[in-house]
Visitor: 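This is the structure I want to talk about, given as structure tokens.
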Protein chains: 2
Amino acid sequence: MMNPLTTNATPDRIMDAAGELFAENGFRQTSIRDICAHANVNIAAVNYHFRDKEGLYEAILQRSFDKCVNCYPIVATDGPPEERLAIFVRMFLLRILGSGQPAWHGKLMAAEMANPTAAFSKLVEQAARPTHNVLLGIVRDLMHTTENTYQVEAVALSIMGQCLFYKHSRPVIELLGIPIPVTQSEIESLAEHITQFSLDGISGVRAVVAHA
Amino acid sequence: MMNPLTTNATPDRIMDAAGELFAENGFRQTSIRDICAHANVNIAAVNYHFRDKEGLYEAILQRSFDKCVNCYPIVATDGPPEERLAIFVRMFLLRILGSGQPAWHGKLMAAEMANPTAAFSKLVEQAARPTHNVLLGIVRDLMHTTENTYQVEAVALSIMGQCLFYKHSRPVIELLGIPIPVTQSEIESLAEHITQFSLDGISGVRAVVAHA
DNA sequence: TCTCGTTACAAACAGGTGTTTAAAACACAT
DNA sequence: ATGTGTTTTAAACACCTGTTTGTAACGAGA
């Protein structure tokens, strides 16, 4: 028999509570006792069902990643590269700034980047590497080249940097009195700006390279 | 009489050791016992000389900030805005990527942004706000406007984002096999790229705004 | 009904944390 | 030398951490 407040199975309730807390406060700042209190579960449950605190973390990272990929897919497509860049930036911003449950993934990734755990390199290969490769492909097409030159890499990082800044530096930005985009339309406005800014930046870099 | 290995006064030795450890591992991950061991000092010394662990942290943040401002000043200057942007980006990157002792400041700031402490808002007003205002002034001139429109703010954040990405996301970038600039000339190459990329991005945004 | 594998529970464990205490050592003016 | 204010020291404090333990409750097959 189960309490109506706790209708899910124990591991699910733990993952739900832990996902929120990890995303909010980071891995190390979140205690097992906190998680279990929020999940209405005994303190030993985490170690029983997930071996470790790290085991729980990896499981959450995995599930959160899967959901995120389903909601906001970032894959190589065809079409004009300008359009593909617009789609890429939009999807990427929705991933990291969106407020729904799958946004955990973005928050967790951001937390990981700032303060990596052991589960980190696994996640980079699974999530960051493919995303980055898609972006490299778009930038190569935009710069009319087929190899990953220094220019291509630098441009790709310039684009990622513009997007992730709003996630990584959120506290400063807010203290400076600048509103962080949260609604769908605010995020899409930002996506348009970054896309336009980057397309123009690329055409400049391309001109310089062609000139050399 | 003093041991030759520990010629400095106790508070200075504590600040030197703690600055390095805080910059490397962050505030919460660094224990007072670690600091005191590295400083060859009794465990109670931190509480005696700095009241708190937080008191020590604030003192270090302050000293580190002062040194940084002296070495890499970022102030409003005159001259063509294109040139001022180049100088700004160069100084900013040196602040956050430079390897000397004053680079503590950049590392500490980055750690603060990812994981703010109570000393944070104080620091934002003192360090981030003026820097941001200088950048806003440059961008306004580049866009031929006198007010901080949404466009101006967005462009400024795009520039900051490109710079800070190399600091905040360092672990991912390295795992992706991309070398992080460390030497003076590598940093200056990156500064040139970001400056050029942003100038072209701005001219595009400016065209769109003028068109509207 | 009895058994057996699984799950839940309260309690305790061992280790680490920031901080405080009271006594000792020191530097220095009188 | 004596007294005074400052600094250093070892020890302990109270608290929090992840993890483990032994026991109890549960659910289903025989």
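Below, read A as the first sequence line, B as the second, and so on, with proteins coming before strands; counting in each chain starts at 1.
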Visitor: Output every pair passing salt bridge (Lys or Arg N to Asp or Glu O under 4.0 Å) with a member in residues 41-57 of chain B, not counting sequence neighbours, ordered by first then second residue.
Guide: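 Residue pairs passing salt bridge (Lys or Arg N to Asp or Glu O under 4.0 Å), neighbours aside: none found.
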Visitor: Only pairs at least two apart or in different chains count here, so list each ring pair (Phe, Tyr, Trp, His ring centres under 6.0 Å) that has a residue in residues 9-45 of chain B.
Guide: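 Output for this query lists Phe22(B)-Phe27(B), Phe22(B)-Tyr57(B), Phe27(B)-Tyr57(B).
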Visitor: For nucleotides 15-19 of chain D, print each protein N/O atom paired with a nucleotide N/O atom at under 3.5 Å, atom names and distance only.
Guide:
{"residue": "dG18(D)", "atom": "OP1", "partner": "Thr30(A)", "partner atom": "O", "Å": "3.4"}
{"residue": "dG18(D)", "atom": "OP1", "partner": "Lys53(A)", "partner atom": "NZ", "Å": "2.7"}
{"residue": "dG18(D)", "atom": "OP2", "partner": "Ile32(A)", "partner atom": "N", "Å": "3.0"}
{"residue": "dG18(D)", "atom": "N7", "partner": "Arg33(A)", "partner atom": "NH1", "Å": "2.9"}
{"residue": "dG18(D)", "atom": "O6", "partner": "Arg33(A)", "partner atom": "NH2", "Å": "2.9"}
{"residue": "dT19(D)", "atom": "OP1", "partner": "Asp52(A)", "partner atom": "OD1", "Å": "2.6"}
{"residue": "dT19(D)", "atom": "OP2", "partner": "Asn47(A)", "partner atom": "ND2", "Å": "3.3"}
{"residue": "dT19(D)", "atom": "OP2", "partner": "Lys53(A)", "partner atom": "N", "Å": "3.0"}
{"residue": "dT19(D)", "atom": "O5'", "partner": "Asn47(A)", "partner atom": "ND2", "Å": "3.3"}

Visitor: Between atom OH in Tyr48(A) and atom P in dG22(D), what is the gap in whole Å?
Guide: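 Going from Tyr48(A) (OH) to dG22(D) (P), I get 16 Å.
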Visitor: List for me each residue that meets ring-ring contact (aromatic ring centres under 6.0 Å, His included) alongside His49(B), sequence neighbours excluded, and say none if there are none.
Guide: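 ring-ring contact (aromatic ring centres under 6.0 Å, His included) check on His49(B) returns nothing, list empty.
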Visitor: Does a side-chain heavy-atom distance below 4.5 Å link Phe165(A) with His168(B)?
Guide: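 Phe165(A) vs His168(B): side chains apart.
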Visitor: Calculate the interatomic distance between Leu56(B) atom CG and dT19(C) atom P; express it in whole Å.
Guide: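 Distance check: Leu56(B) CG to dT19(C) P gives 10 Å.
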Visitor: Send over the distance from Asp12(B) CG to dT7(D) C1', rounded to a whole Å.
Guide: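 Asp12(B) atom CG is separated from dT7(D) atom C1' by 15 Å.
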Visitor: Could you tell me which residues satisfy ring-ring contact (aromatic ring centres under 6.0 Å, His included) with His193(A), sequence neighbours excluded, listed by chain and number?
Guide: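 His193(A): ring-ring contact (aromatic ring centres under 6.0 Å, His included) contacts with Phe197(A).
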Visitor: Is the distance from OP1 or OP2 of dT6(C) to the nearest side-chain N or O of His49(A) less than 4.0 Å?
Guide: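 For His49(A), the contact criterion (side-chain N or O under 4.0 Å from OP1 or OP2 of dT6(C)) is not met.
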Visitor: Does dA8(C) have OP1 or OP2 sitting under 4.0 Å from an N or O in the side chain of Thr10(A)?
Guide: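 Yes, because at least one side-chain N or O of Thr10(A) sits under 4.0 Å from OP1 or OP2 of dA8(C).
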Visitor: Nearest whole angstrom, please: distance from the C1' of dA23(C) to the CG of Asn42(B).
Guide: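 In whole Å, dA23(C) C1' and Asn42(B) CG are 13 Å from each other.
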Visitor: Under the salt bridge (charged side-chain N to carboxylate O under 4.0 Å, His left out) test, which residues partner Arg84(A), sequence neighbours left out?
Guide: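 Asp141(A).
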